[in-house]
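What follows is one structure encoded as structure tokens, with my remarks underneath.
Numbering of residues begins at 1 and proceeds along the displayed sequence. Remember, predicted model here, so these are calculated numbers, not experimental data.
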Amino acid sequence: MKALVLSGGAGTRLRPFSYSMPKQLIPIANTPVLEHVLENVAALGVTEIGVIVGDWGEEIAETVGDGSRFGCRITYIPQERPLGLAHCVALARPFLGDDDFVMYLGDNMLPDGIQEIADAFAANRPAAQVVVHKVPDPTAFGVAELDENGAVRRLVEKPKEPRSDLALIGVYFFTPAIHEAVDSIAPSARGELEITDAIQWLVSSGADVRASEYDGYWKDTGRVDDVLACNRKLLADREPGVFGDVDGASELIGQVTVEAGARVVRSRIEGPVVIGAGTLVEDSQIGPYTAVGRGCVLRATRLADSIVMDDASISRVPGLHGSLIGRSAVIGPSEHEESHHRLVVGDHTRIEVAA
């Protein structure tokens, strides 16, 4: 089985970050979302992965590499502009050949893994198998309606009156039957080839299409709040360890990881927290639920429930929480009264907040 990972989306919901970096490279617990996805795919035993890339293809390839560190080989497949998930399948046809494959959206997080679902697909080999998850508001998703035997009867995109609470969550398993379906559909009203239309074509043609319910943790990391929520989940599950330098005047509480080359000086770190390699934390209070990237400098700062990306600098900020701080951003004090802040700061941004 091969894999097709889709990483070409524009990420409009994550601006200003998606102006200067692909949304799939936003770090969660100090690892880019796309790398979490590739680790999940590689855990299935897949060794050939095609990655659909758009305008950020060069930066994605530079970050992810050839796949060798995941135990696989990655083929990058450019898509000039987003024309739908089924269009991605058509573009990847030379790579996919006549192999079965798993298609995985590159901004979806399923940290509990999908091995059991993959095993069920391999054992039964339906034409298509969609992965679904129960959601409280199905009107915001594509949903799968099932018959009494659990087979997919109909797929509906963002139904106004949903008959199912089983949302499609961006993971699909296909046999080569999907290629005929993709060739047989027309673009939707928004001008895209929809994968739901292709799967529905299979259903209407009498093909065996099944749904597998994923009951683990799932998050679409398309919004800042979702990125932070997923960061909390992954940090809570992370094994702690101190590989850098922590002086005697500092206090580490709970699940704290200090990566090699990081320094903690006269500071209090309350886990779960990860401090990236080469980062300096001085006279600060960090955590809980905070991931600080590599090469950062944090001085005289209180920071909680946040993500700080590589090479950022934060000084004399006494109350920063629920924030997403971009690469090489600089945050320092202003002359205003002290207050608490929630910030979303893009790459290379300089900002002053109350000290």
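Gln115 CD: more than 12 foreign heavy atoms inside a 6.0 Å radius. Residue Asp55 places its CG atom among 12 or fewer non-hydrogen atoms of other residues, nucleotides or ligands, all under 6.0 Å distant. Within 6.0 Å of the CG atom in Asn149, the count of heavy atoms belonging to other residues, nucleotides or ligands exceeds 12. Heavy atoms from other residues, nucleotides or ligands lying under 6.0 Å from CZ of Arg266 number more than 12.
In this structure, Lys2 forms a cation-pi arrangement with Phe95, its terminal cationic atom sitting closer than 6.0 Å to the ring centre and no more than 45° off the ring axis.
Checking side-chain atoms of Asn30 against main-chain N and O of Val292 turns up a donor-acceptor pair under 3.5 Å. Side-chain N or O atoms of Thr63 include one that pairs as donor or acceptor with a backbone N or O of Glu59 at under 3.5 Å. For Ser250 (side chain) and Gly248 (main-chain N/O), no donor-acceptor pair under 3.5 Å exists by modelled atom type. Formation of a donor-acceptor pair under 3.5 Å by the Gln24 side chain with backbone atoms of Pro32 is not found in this model. Under the 3.5 Å distance criterion, the side-chain polar atoms of Asp310 are matched with a main-chain donor or acceptor of Arg294. Between the side chain of Thr290 and the backbone N or O of Val273, no donor-acceptor pair lies under 3.5 Å.
Of all heavy-atom pairs between Tyr289 and Ala236, the closest is CE2-CB, 4.3 Å.
Within the 4.5 Å cutoff, no side-chain heavy atoms of Trp218 are placed close to those of Val171.
By the side chain to side chain donor-acceptor pair (under 3.5 Å) test, Asn40 pairs with Tyr104, sequence neighbours left out. Residues satisfying the side chain to side chain donor-acceptor pair (under 3.5 Å) criterion with Thr139, sequence neighbours excluded, are Asp137.
For Gln129 and Ser212, the side-chain atoms include at least one donor-acceptor pair closer than 3.5 Å.
Transitive grouping of hydrophobic side chains (ILVMFWY, heavy atoms separated by less than 4.5 Å) brings Leu168 and Ile185 into a common cluster.
Just one residue in the list Arg81, Gln79, Glu194 forms a side-chain hydrogen bond (donor to acceptor under 3.5 Å, both in side chains) with His87, and that residue is Gln79.
Under the 30°/60° scheme for interplanar angles, the aromatic rings of Phe101 and His179 are found to lie parallel.
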